[in-house]
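Have a look at the structure below, then the notes.
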Amino acid sequence: MNSPLYSIRMHATRQGQHLSGAEHLTPAEQLDALAAKLVRRALEHPRGTPESIQLTVDLLEAEAVQRATLPALATLPVTTVAQGRQAALSALVEAGVSPAVAQAGIDLLISGAAPGGGVMRGAVLMQAVSGERLEADPARGVRVSRMDLDPSAATTLRQQLAVRGLDNAHVREALVLAGKVLLAPGMVAELCWSDDPDYSAGYVASPTFGYRRFPHLKPLGEERGGRIFFWRGVASEIAAVVAFLERTPVLFDALGELLPDLPSPQEA
Ligand code: PML
C-alpha cells in the first residue's frame, strides 16, 4: 500500500501582495525538512523580503491522488523578447486560442494582470474564443495546487534536464504545474512567463504539443509576469474546473519526451 501523502504549500507576501509560492506532495517523514526548505525559499526571493509566510499542510486521501505523465518539452530558441512573444502568439493560435484573444492575453501579462497592474497570486482563467475573464477574484485568480513529481521521476527528470542545461527550479516546477493544467477538462492552452526579475523565459503549453519553452518572453529586470489559462468551457463548468485545478492532487510518476529544440525563427 502507498504511504499517505501530505500536501504542503508555502505562500509569502510583502506589502499585501503575492511574493512567492511553492508546494509539494510528500510522505510524513519529509514534511519537516520540506517546511524548512520552503521557508528558506520565501526568505531568499529576488523580489524582496517577505512580511508574511504561510505554510499549510493537509493530509490527502490516498485514493484521491491521481497519477499522471508529464507533458513533452521542447525549446524554441528565440533570441529576443519580440521574437519570443511572436512565437508564443503563434503557439497559442496553433493550440486553438483565437488570434485576438491570444494577443489580448500577451498584452495582459505585459501590463500586469492584477487590478492596478500588479502580479496576481494565481492565474487568469480566460475564455479561449471570447476573451472573457472568468476567475471570481481578479487579484487572486486561480491558484493551481496539490501537484508534484514522484521522487524517482524527479531524479530522472533532473538528469535529463541537466543534459540540456535546464535543470533549475523554474523549469521543473513550471513543467509540473503545466502538466496539471493540461489535465483539466476543456483546457486549450496555458501562457506563462516568470515574475522573477532575473528570469526571462516562459512557455505555452497545450494538450496537442505539450510544453513549448521560449528563452525570452520578457526583458530581464521586469517583475511583471504570470499565467493565463485559455479554456473552452461554459459558465456552468467554471466551478468544476477551478476545483480540479486548486484541489485535486496529481502526482506525476512518468516523464514526457524531452524533444530536440525546434527550429529558431531565423532558421524556419
Ligand atoms: C516561473 O518560474 O515563475 C515560471 C517559469 C516559466 C518558464 C520556465 C522555463 O524556463 O521553462
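Counting starts at 1 for both ligands and their atoms, following the listed order.
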Worksheet item: Can you tell me which residue and heavy atom of the protein come closest to atom 2 (O) of ligand 1, and the distance to 0.1 Å?
Response: H170 ND1, 2.6 Å
Worksheet item: Got the closest protein heavy atom to atom 8 (C) of ligand 1, with its distance?
Response: Y211 OH, 3.3 Å
Item to complete: Just need the protein heavy atom nearest to atom 10 (O) of ligand 1, so name the residue and atom and give the distance.
Response: Y199 OH, 2.5 Å
Item to complete: Kindly confirm or rule out an N or O of R213 lying under 3.5 angstrom from an N or O of ligand 1.
Response: yes
Fill in: Pair Q17, T13: side-chain N/O donor-acceptor within cut-off below 3.5 Å
no
Fill in: V171 heavy atom under 4.0 Å from ligand 1
yes
Fill in: Pairwise side-chain contact, H170 with S194, heavy-atom cut-off 4.5 Å (strictly under)
yes
Worksheet entry | Intermediate values then yes/no, side chain to side chain donor-acceptor pair (under 3.5 Å), R158 and T156 | CA-CA 5 Å; R158 292 195 67 157; T156 313; over 6 Å; no
Discussion item. Do L89 and I106 make a side-chain contact, defined as non-hydrogen atoms from C-beta onward lying under 4.5 Å apart?
Written reply: yes
Worksheet item: Thinking salt bridges, do R146 and E23 make one under a 4.0 Å N-O criterion?
Response: no
Practice prompt. For ligand 1, note which part of C192 has a heavy atom under 4.0 Å away: side chain, backbone, both or neither.
Written response: side chain
Discussion item. With respect to S194, determine whether any N or O atom, backbone or side chain, lies less than 3.5 Å from an N or O atom of ligand 1.
Written reply: yes
Worksheet entry | Considering all heavy atoms, the nearest Y211-V171 contact | OH-O, 4.3 Å
